[in-house]
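Contents: one structure, followed by commentary.
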Amino acid sequence: MIFNIYDLFGFDGIYISTIVFAALLGLLMYILCNIISKNEVFSLVGTVAGMYCMRPYIAARAQLITFSLFLLTIIFIEKFLETGKKRFAVPLFIIPILIANFHVAVWPFYFVLYIPYVAEYILSLGIINIDIILYIKKFALIVANKIHKFNSFNIKINNIDNKIKDNKRKRKINMENPYKIKIERNKNEKWLILIALICILTGLLTPIGTTTPYTYLYKTMSGNTTKVINEHLPLTLANNKQCTVFLIISLALLIFTDTKVKARYMFFLIGLTILTFMTRRQFSLLALIGTPIVIGILNSLFENNIPGMKEKLFKVFTTIVGAGLIVAVVFLVGMKFYKQKKDSVYITSSYPVDAADWMINNLDIENIRLFNEYNYGSYLLFRDIPVMIDSRCDLYTPEYNTKTKNPEDGEDIFMDVQNVCTLAIGYESIFTKYDITHVISYSNSKLSMLLRRDERYREIYNNYGFIIFERNVEDI
């Protein structure tokens with residue numbers, strides 16, 4: 001899809017399409033905020049804050065479409081639970097098909113979105129309850145009473161019945177007036193389980209192989225790229241101010257206020273927070289899904305303490321003055337970003353633009369075997385230059401480079417490149433292993449410093465922050 005946009009409209013088309021997809025994402029976040037909070041003004045503020053946190057993740061990548069599909073999933077689930085209408089259930093069968101074809105790596109996460117709802121339904125049934133033990137005891141006593149006919153058994157059975165009734169009464173009181181977490185029983189939640197089970201088959205509706213949607217995420221997470229790639233590393237709060245602020249606000253609302261939270265929303269916040277600490281890139285999902293939940297909690301706080309506030313705010317913001325103020329703020333902020341971006345170029349000097357031009361004009365690129373570093377391999381591919389590695393790091397791990405389907409027998413190209421670039425291993429052994437003829441690196445890299453001193457390598461290009469060496473195989 002992105003290629004077709006580029007083919008028709010160039011980089012301008014990709015840039016504009018990213019803006020359109022980001023606007024769609026913001027609209028869907030607003031809709032979800034409004035479904036949960038029922039407050040248009042708070043939903044507006046929450047959407048602006050949420051989209052601000054999402055800035056690092058808005059790019060011409062498959063995830064931008066996936067984010068919208070995740071929001072649509074929760075929107076349709078919430079509307080289905082609220083109304084029970086089938087028209088809100090039908091899209092839940094279509095969305096996983098789209099995810100499997102747009103962004104297969106995260107297809108299993110579609111089912112993770114159902115977990116908080118299923119957990120809430122289980123809790124609402126009281127299945128995880130001491131009543132289970134009481135029912136077992138009652139059944140055992142009934143069987144024993146059938147055999148021995150003792151009056152004491154009847155008395156014990158009656159006592160158990162009274163305990164069960166008392167527990168049900170207490171649960172009903174707690175559900176009607178909970179301390180913090182509201183556990184609501186919704187008869188439509190049981191249908192979500194059936195929908196999720198049926199949707200497991202949607203992974204078959206993709207042309208890339210019947211097992212790929214089911215195995216790709218597992219292979220990726222079991223590989224070694226998660227230990228090296230920055231976005232896969234654990235979160236450090238000191239380096240993520242947005243996440244720190246988000247967690248502080250969330251905890252303050254949950255701990256220091258008397259607001260009550262639905263169990264499914266609490267599960268979402270806890271689960272996504274754990275994911276964020278495990279992998280920093282998952283803050284995108286915490287901001288995406290957690291923002292509407294926090295806005296809902298914030299709205300409950302104000303509604304409980306300032307009745308009628310929603311109507312008052314709505315009147316203020318829908319007047320000519322209020323609407324004009326919103327438009328003015330959007331315009332001023334938009335102009336600020338426009339001024340920052342108007343002179344920007346699509347491809348910056350962090351990519352080997354001139355070096356790629358030189359290679360195309362001076363080297364037989366179809367027959368060379370080039371060693372390059374991870375960060376700019378994608379640009380070299382864009383220029384039709386064969387590479388050692390590019391930013392699709394997962395595809396260069398043993399899980400995807402084995403003839404026996406056993407990762408232990410596969411080639412670990414990713415770590416070979418990392419080890420050479422960090423000088424963790426002698427570069428010559430790796431270059432020999434892959435029959436490397438040319439090396440491109442940053443001019444100031446440690447690898448470049450060593451190759452300059454190695455008589456077996458001849459410097460043939462050095463400009464704009466990149467250097468190219470020719471490897472003399474005959475001298476090796």
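Counting begins at 1 with the first residue of the sequence. Quick note: numbers below take in every heavy atom, side chains included, and nothing from hydrogens, waters or symmetry partners.
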Less than 3.5 Å apart, which donor and acceptor atoms pair up between the side chains of residues 85-105 and the rest of the protein, not counting sequence neighbours?
unit_1, atom_1, unit_2, atom_2, d
N101, ND2, I97, O, 2.7
N101, ND2, L205, O, 3.0
H103, ND1, T66, OG1, 2.8

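No hydrogens or angles considered: nothing links the side chains of N230 and R281 as a donor-acceptor pair under 3.5 Å. The closest side-chain donor-acceptor pair between T402 and D409, if any, does not fall under 3.5 angstrom. Between the side chains of Y114 and Y110, at least one donor N or O sits under 3.5 Å from an acceptor N or O.
Every salt bridge (charged side-chain N to carboxylate O under 4.0 Å, His left out) that E78 has, sequence neighbours left out, goes to R264. Here D416 pairs with K433 under the salt bridge (charged side-chain N to carboxylate O under 4.0 Å, His left out) rule; sequence neighbours left out. Legend: residues meeting salt bridge (charged side-chain N to carboxylate O under 4.0 Å, His left out) with D394, ordered by chain and number and at least two apart, are absent. With sequence neighbours left out, the ring-ring contact (aromatic ring centres under 6.0 Å, His included) criterion links F431 to F371, Y427. Under the rule for a ring-ring contact (aromatic ring centres under 6.0 Å, His included), the partners of Y442 that lie at least two apart in sequence or sit in another chain are Y376, F466. Looking at residues two or more places apart in sequence or on another chain, you find no ring-ring contact (aromatic ring centres under 6.0 Å, His included) involving F21. For F246, the ring-ring contact (aromatic ring centres under 6.0 Å, His included) criterion is met by no residue, not counting sequence neighbours.
Residue V228 comes nearest to M415 through the heavy atom pair CG2-SD, 4.1 Å, listed as atom of the first residue, atom of the second, then distance. Closest approach of I181 and A263 over heavy atoms only: CG2-CA, 3.6 Å. Scanning all heavy atoms of the two residues, the minimum distance from T83 to N188 falls at C-ND2, 4.5 Å. Considering every non-hydrogen atom in both C33 and I295, the closest pair reads SG-CG1, 4.4 Å. Here the closest heavy-atom approach between residue P398 and residue P407 is recorded as CB-O, 3.2 Å. Shown here for M29 and G46, the closest heavy-atom pair between the two residues is SD-O, 4.4 Å.
Residue-environment remark: CD (E311) exceeds the threshold of 12 foreign heavy atoms within 6.0 Å. Within 6.0 Å of atom CD in Q340, more than 12 heavy atoms from other residues, nucleotides or ligands are found, so the atom counts as buried in its surroundings.
Annotation: the span from I413 atom CD1 to L395 atom CG amounts to 10.0 Å, rounded to 0.5 Å. To the nearest 0.5 Å, atoms CD1 (I436) and CD1 (I368) are separated by 9.5 Å. Rounded to the nearest 0.5 Å, atoms NE2 (H232) and OG1 (T220) are 8.0 Å apart. A distance of 8.5 Å separates CD in E189 from CD1 in I193, rounded to the nearest 0.5 Å. A distance of 13.5 Å separates CD of Q418 from NZ of K227, quoted to the nearest 0.5 Å. Distance check, rounded to the nearest 0.5 Å: CG of N4 to OH of Y6 gives 13.0 Å.
A salt bridge is absent between D258 and K180: the closest approach of a Lys/Arg side-chain nitrogen to an acidic carboxylate oxygen does not fall below 4.0 angstrom. Looking at E399 and K219, no side-chain N of the basic residue comes within less than 4.0 Å of a carboxylate O on the acidic one, giving no salt bridge. Looking at E184 and K262, a side-chain N of the basic residue comes within less than 4.0 Å of a carboxylate O on the acidic one, giving a salt bridge.
Counting heavy atoms from C-beta outward, L275 and T279 have side chains that stay 4.5 Å or more apart. The shortest side-chain heavy-atom distance between S124 and N186 does not fall under the 4.5 Å cut-off. By the 4.5 Å heavy-atom criterion applied to side chains, L313 and M309 are counted as neighbours. The shortest side-chain heavy-atom distance between L28 and L32 does not fall under the 4.5 Å cut-off. Residues C243 and L235 have side chains in contact (heavy-atom distance under 4.5 Å, counting atoms from C-beta outward). Considering only heavy atoms from C-beta on, L254 stays 4.5 Å or farther from T259 through its side chain. Side-chain contact between E40 and T318 is absent, with no heavy atoms from C-beta onward closer than 4.5 Å. Between L370 and L380 there is a side-chain heavy-atom pair separated by less than 4.5 Å.
Ring pair F42/F317: centre-to-centre distance not below 6.0 Å. F70 has its ring centre less than 6.0 Å from the ring centre of F109.
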Open item on the list: Apply side-chain contact (heavy atoms from CB on, under 4.5 Å) to residues F11 and V345 and explain how you reach the verdict.
Closed with: CA-CA 10 Å; F11 280 113; V345 294; over 6 Å; no
Open item on the list: Please determine whether side-chain contact (heavy atoms from CB on, under 4.5 Å) holds for the pair M54 and S284, giving the CA-CA distance in whole Å, both sets of side-chain angles, and the decisive distance to 0.1 Å.
Closed with: CA-CA 6 Å; M54 291 294 294; S284 59; 4.2 Å; yes
Task: Step-by-step side-chain contact (heavy atoms from CB on, under 4.5 Å) determination, L204 to Y214 - done: CA-CA 9 Å; L204 301 174; Y214 303 94; 3.7 Å; yes
TODO: Starting from the C-alpha separation in whole Å, work towards a yes-or-no answer on side-chain contact (heavy atoms from CB on, under 4.5 Å) for M359 and I440.
DONE: CA-CA 10 Å; M359 281 192 283; I440 180 172; 4.0 Å; yes
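Looking at T215, its side chain does come within 3.5 Å of a backbone N or O of T211 through a donor-acceptor pair. R369 contributes a side-chain N or O that, together with a main-chain N or O of Y434, makes up a donor-acceptor pair within less than 3.5 Å. For the pair N372 (side chain) and M388 (backbone), a donor-acceptor distance under 3.5 Å is present. Side chain of N305 to backbone of L301: a donor-acceptor contact under 3.5 angstrom is found. Remark: the backbone N or O of A356 is not paired with any side-chain donor or acceptor of R383 at under 3.5 angstrom. Side-chain atoms of S37 never come within 3.5 Å of backbone atoms of G296 as a donor-acceptor pair (strictly under, hydrogens ignored). With hydrogens and angles ignored, the 3.5 Å screen pairs a side-chain donor or acceptor of K310 with a backbone N or O of K38.
Each side-chain hydrogen bond (donor to acceptor under 3.5 Å, both in side chains) pair with one or both residues in residues 285-301, not counting sequence neighbours, appears once here: N39-N299. The side-chain hydrogen bond (donor to acceptor under 3.5 Å, both in side chains) contacts involving residues 47-57 comprise Y52-R55, where partners must be two or more places apart or lie in separate chains. Pairs of residues two or more places apart, or lying in two chains, that qualify as ring-ring contact (aromatic ring centres under 6.0 Å, His included) and include a residue from residues 259-294 are Y117-F268. Applying the side-chain hydrogen bond (donor to acceptor under 3.5 Å, both in side chains) test to every pair with at least one member in residues 7-25, sequence neighbours left out, gives these pairs: D12-Y346.
A perpendicular orientation is assigned to the rings of F111 and W107, their planes being inclined by more than 60° (bins at 30° and 60°).
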